[in-house]
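Excluded from the calculations below are hydrogen atoms, water molecules and symmetry mates; all remaining heavy atoms, backbone and side chain alike, are included. Everything numeric here is computed off the predicted structure, so don't read it as measured data.
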Amino acid sequence: MVGFLSAVISVLTSLKSLGFAGRVAYVAGLSIWTFLCLPTTPIELASGFIFPLWASTLMSVVGKTTGSLVALILGRRLLKPLVTRLLARSSGGGGAVHRHLVGELQRRPIQTMSILRAAPLPTPFKIYGLCLFHPDLVPVTTYFFVALGINTCWSLVWSLTGSSASS
């Protein structure tokens, strides 16, 4: 982990030296990283250490939210059949859970999406799980605001933590 973190710090230091272009590259890279369901915490911690707190938080929120939206949209269009098959194999179909979540999304969409996004679940379930539901149950605009809220909270936590590090 130390070697990985050293590499991340080196890359982020190089990006910082590029100014605005480096910040755009960080956002694009974190979007792809999020889309691929890779752990964002070490990246955001290092970002908080390298960039100013406000910049680190804003860039991380934009990157993670963009990656989450791309995952939802692409998941709906291209990956839904694959994800459905994998879910059927791993959990015996998940019929009861799926029905329960459909009911919760109908009654309390924002709370349900927020709980799923913030829950201690594996990242692929949090990012791609909602693509399995009908678009009327998980509208892109509602998902955007839920992801924005959750990502803002966590990005601020990790950026603050990274910014408080002395080395």
Side-chain angles (χ1 to χ4, degrees), residues 1-76 79 83 86-87 90 101 104-105 108-133 138-167:
M1 181 66 162
V2 173
F4 172 74
L5 200 51
S6 295
V8 169
I9 288 172
S10 175
V11 168
L12 292 180
T13 302
S14 297
L15 291 177
K16 183 180 180 185
S17 71
L18 297 176
F20 182 74
R23 292 176 185 208
V24 170
Y26 173 82
V27 169
L30 190 59
S31 295
I32 294 167
W33 196 264
T34 301
F35 170 78
L36 295 173
C37 301
L38 298 170
T40 60
T41 303
I43 307 297
E44 291 180 281
L45 283 168
S47 173
F49 179 69
I50 301 297
F51 293 100
L53 175 62
W54 66 269
S56 172
T57 302
L58 180 63
M59 293 184 311
S60 292
V61 168
V62 172
K64 284 174 32 177
T65 303
T66 301
S68 296
L69 283 172
V70 170
L72 178 72
I73 293 166
L74 191 61
R76 281 184 177 164
L79 302 176
V83 173
L86 290 173
L87 184 63
S90 67
L101 287 174
E104 291 301 314
L105 285 166
R108 293 175 283 279
I110 293 172
Q111 295 90 330
T112 304
M113 281 186 241
S114 297
I115 288 169
L116 289 172
R117 289 285 304 171
L121 295 168
T123 302
F125 289 118
K126 294 195 287 190
I127 292 181
Y128 288 101
L130 290 170
C131 79
L132 298 174
F133 297 96
V138 184
V140 172
T141 54
T142 304
Y143 181 80
F144 166 78
F145 286 111
V146 167
L148 183 66
I150 299 295
N151 291 338
T152 299
C153 293
W154 283 110
S155 292
L156 180 58
V157 166
W158 299 130
S159 293
L160 271 169
T161 304
S163 72
S164 68
S166 60
S167 66

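Listed for the Lys16 side chain is no donor-acceptor partner under 3.5 Å among the backbone atoms of Phe51. At distances below 3.5 Å, not a single donor-acceptor pair connects side-chain atoms of Ser10 with backbone N or O atoms of Ser6. With hydrogens and angles disregarded, no donor-acceptor distance shorter than 3.5 Å links the side chain of Thr142 to the backbone of Val138. Under the 3.5 Å distance criterion, the side-chain polar atoms of Trp158 are left unmatched by any main-chain donor or acceptor of Pro42. Judged by distance alone, the side chain of Ser17 and the main-chain N or O of Ser14 form a donor-acceptor pair under 3.5 Å. For Ser60 (side chain) and Thr57 (main-chain N/O), no donor-acceptor pair under 3.5 Å exists by modelled atom type. Between the side chain of Tyr128 and the backbone N or O of Thr123, no donor-acceptor pair lies under 3.5 Å.
Heavy atoms only, all atoms of each residue included: Thr66 and Ser31 are closest at CB-OG, 3.5 Å. Contact record, Ile50 with Leu12: CG2-O, 3.8 Å, taken as the closest heavy-atom pair. Looking at every heavy atom in both residues, Thr161 comes nearest to Ser164 through O-OG, 2.8 Å. Annotation for Val8 and Ala46: closest pair CG1-CB, 3.6 Å, computed over non-hydrogen atoms.
A heavy-atom distance below 4.5 Å is not found between the side chains of Val157 and Glu44. Looking at heavy atoms from C-beta onward, Pro39 lies out of side-chain contact with Thr41 at the 4.5 angstrom threshold. Inter-residue side-chain proximity for Met59 and Leu30 is flagged as unmet; no heavy-atom pair is nearer than 4.5 Å. Taking 4.5 Å as the limit, some side-chain heavy atom of Leu116 sits within range of a side-chain heavy atom of Leu101. Residues Val140 and Arg76 form a side-chain contact, since some pair of their non-hydrogen atoms from C-beta on lies under 4.5 Å apart. Between Trp154 and Lys64 the shortest side-chain heavy-atom distance falls below 4.5 Å. Looking only at side-chain heavy atoms (C-beta outward), Ser68 and Asn151 come within less than 4.5 Å of each other.
In this structure, the separation between OG1 on Thr40 and CG on Leu45 is 9.0 Å, given to the nearest 0.5 Å. Rounding to the nearest 0.5 Å places CZ of Phe133 at 11.5 Å from CG of Leu72. In this structure, CD1 on Ile115 lies 11.0 Å from CG on Leu121, to the nearest 0.5 angstrom.
Residue-environment remark: CD1 (Ile110) stays at or below the threshold of 12 foreign heavy atoms within 6.0 Å.
With Ser56 as reference, Ser47 is the one residue of Ser155, Ser47, Ser163 to meet the side chain to side chain donor-acceptor pair (under 3.5 Å) rule.
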Test log, rule side chain to side chain contact (heavy atoms under 4.5 Å, CB included), inputs Leu15 and Arg23: CA-CA 7 Å; Leu15 291 177; Arg23 292 176 185 208; over 6 Å; no

